[in-house]
Student: 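The structure follows.
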Amino acid sequence: MNFNFTSEKPRCFCGVFGIFDSPTASVETYYGLHALQHRGQEACGIVSQHINGNGKPIFIIHKGEGLVSEVFEDASILSNELKGNSAIGHNRYSTTGSSNSRKNIQPFIVNYRNGNLAIAHNGNLTNAKELRDELVNEGAIFQTTSDSEVILHLIARSRLENQIDQIREAISKIEGAFSLVILTDDKLIAARDQYGFKPLSIGKLKDSFLVASETCAFDLLLAEFVREVQPGEIIAIDKGTINHDDIKSFFIKENLPQSKHCIFEYIYFSRPDSFIYGHNVDKMRRRLGKALARNHPVYNEDDNKVIVISVPDSSNTTALGYRTELEKLGIDCRLEIGLIRSHYIGRTFIQPGQGNREIGVRIKFNTVKGVLEGRTVVVVDDSIVRGTTSKQLVKLIREANPKSIHLRISSPPIVNPCYYGMDFPSKEELFAHRYESNIEEMRKYLGVDSLHYLTIEEMLGAVSEAGEENFCHACFSGEYPTLVDPNFKKEIYEL
Ligand code: SF4
């Protein structure tokens, strides 16, 4: 048995990318996926479309396990194999479907009566099991155990003639979270579920249009941001799309519900240089840090400055916000780099044995002892999932002999599973659930001098500019925006 120590943070979500009408479509998709690597590091794939010598559109796919740079290590894959003017790509962590099956690596492609179709999906369908059972009863044969394949079958089995109508009909049947990119023989289509759980944006690069989970993918390509795909919207880009106004737009239904964006994107998941849900992630993450300082400050215990450090890299921006607000409160403080993170651990596995859990943290982090010794230290982190890594990290910091350690978390305690794509462990394994959110007991377990989380109200107050009511916070509050099956398991489709 190997112990994979990199899995402590909430995992999952995926990254999707698509580009239409560019002579170097697969290269741009490669760079797009590279910028979205943080959204999924387990596997990736690209499908490109090109016209063969007989004038027929052909879909070519290359996919594999590993990082984008590993799967596409050989540059000739892009130049010689993945030819064509349009492409879509996908980075994944497993959600539904076995993470171990190569078949589950997206994009998925089919050839049906209307031609070729490729799909890449970010999110989690909550009614996929019922739909899949229904489709199987009607004779459908599934190639994968992924919920995303259900969408392909629904499109392919539609009796409607127009492809957009087929997609619209299929999408109206699926429930849960989805940001989709679909490539057909003559169109790039993107769609977002009616709650807008996951981000999805449209960009423009010279004469080509792009779609990506996060805008950081546009920046890498020097593409311009056009707009976000709206919750419940289906957009289509084809040869007739010259300007932004030419993008065809349809809605899943007329009366859309209140948006419910995944607030975890602001807390942890999206890159701070992205723009999602109408705001810069950097700004929102700083605000979460400021709210944390305002509501849960740490005061000087002596004449020395309070030392604020982040758990890199995901909490860097939050720690900046925390420090700024602490200063505003008149508390003498300084932001320091007290933890150094190794960026080269990749898929390192630690053999079991004495101290293997500790080596897991040590291989990833080390302390800058001179910064921490004898000081009042505030450690800012974005979330605690199981608690084991946080405990080891505190132990590591304690070895640097700080005067005291104060842990501040920029989200509320996670006590519920996510049915929309975030891969939390079972409820029983969630740290805060185990301790019934008893902060004092959790503090003792972690071995810190003080522990504070943002409350749900404080968190929503921090992002209120984007509309407090526009967020899903079910993993903290248990208020799920959709009906969910309490027996739902991510491995539900395992064959
Ligand atoms: S339950 Fe939590 S992680 Fe899942 S979509 Fe809602 S806010 Fe995001």
Side-chain angles (χ1 to χ4, degrees), residues 7-16 38-40 92-96 121-128 147 174-180 192-200 213-214 231-232 257-271 274 276-277 279 281 284-285 287-288 314 318 381-386 409-427 429-433 437 453-464 466-486 488-490:
S7 62
E8 170 66 4
K9 281 286 166 191
R11 292 197 317 157
C12 170
F13 285 124
C14 300
V16 295
H38 60 290
R39 299 187 70 83
R92 98 188 256 256
Y93 268 133
S94 65
T95 45
T96 51
H121 168 207
N122 170 206
N124 215 94
L125 306 185
T126 49
N127 66 338
D147 60 341
I174 57 177
E175 289 167 14
F178 55 87
S179 280
L180 301 172
R192 207 165 158 212
D193 65 75
Q194 55 180 333
Y195 294 97
F197 280 108
K198 313 294 175 198
L200 192 64
S213 294
E214 284 182 48
Q258 177 80 50
S259 293
K260 291 291 169 189
H261 310 309
C262 170
I263 201 161
F264 237 106
E265 294 277 352
Y266 277 159
I267 295 166
Y268 162 72
F269 214 75
S270 286
R271 270 179 34 170
S274 284
I276 64 163
Y277 313 150
H279 296 271
V281 176
M284 288 306 189
R285 206 162 282 170
R287 288 192 178 177
L288 287 162
S314 57
T318 320
D381 203 354
D382 46 71
S383 55
I384 301 181
V385 180
R386 287 187 175 84
I409 307 297
S410 62
S411 62
I414 304 167
V415 285
N416 299 294
C418 172
Y419 298 102
Y420 310 118
M422 190 73 94
D423 191 16
F424 294 135
S426 69
K427 204 165 171 159
E429 288 173 273
L430 289 170
F431 176 56
H433 175 78
S437 300
Y453 286 82
L454 278 181
T455 63
I456 294 172
E457 293 71 31
E458 289 162 1
M459 172 185 73
L460 292 175
V463 298
S464 59
E468 294 187 20
E469 63 295 343
N470 285 333
F471 287 97
C472 171
H473 42 73
C475 46
F476 311 117
S477 64
E479 291 166 24
Y480 293 97
T482 66
L483 280 178
V484 288
D485 173 4
F488 174 90
K489 286 197 181 71
K490 80 183 181 81

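In listed order, ligands and their atoms are each counted from 1. One-based numbering along the sequence shown.
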Student: Are Tyr266 and Tyr277 an aromatic pair, judged by ring center distance below 6.0 Å?
Tutor: yes
Student: Roughly how far apart are Gln194 CD and Gln258 CD, rounded to 0.5 Å?
Tutor: 12.0 Å
Student: So does Cys262 have any N/O/S atom less than 2.8 Å away from atom 2 (Fe) of ligand 1?
Tutor: no
Student: With a cut-off of 4.0 Å, which atoms of ligand 1 are near a heavy atom of Cys472?
Tutor: 1 (S), 5 (S), 6 (Fe), 7 (S)
Student: May I ask you to say whether Glu265 pairs ionically with Arg39, meaning some side-chain N is under 4.0 Å from a carboxylate O?
Tutor: yes
Student: With respect to atom 4 (Fe) of ligand 1, please indicate if Cys475 possesses an N, O or S atom at a distance under 2.8 Å.
Tutor: no
Student: I'd like to know whether the aromatic ring centres of Phe264 and Phe269 sit less than 6.0 Å apart in this structure.
Tutor: no
Student: List the atom of Leu288, the atom of Thr318, and the distance in Å for their closest heavy-atom pair.
Tutor: C-CG2, 4.4 Å
Student: For Tyr420, counting its heavy atoms only, list the atoms of ligand 1 lying under 4.0 Å from any of them.
Tutor: 5 (S)
Student: Under a 4.0 angstrom heavy-atom cut-off, which atoms of ligand 1 come close to Ala474?
Tutor: 1 (S)
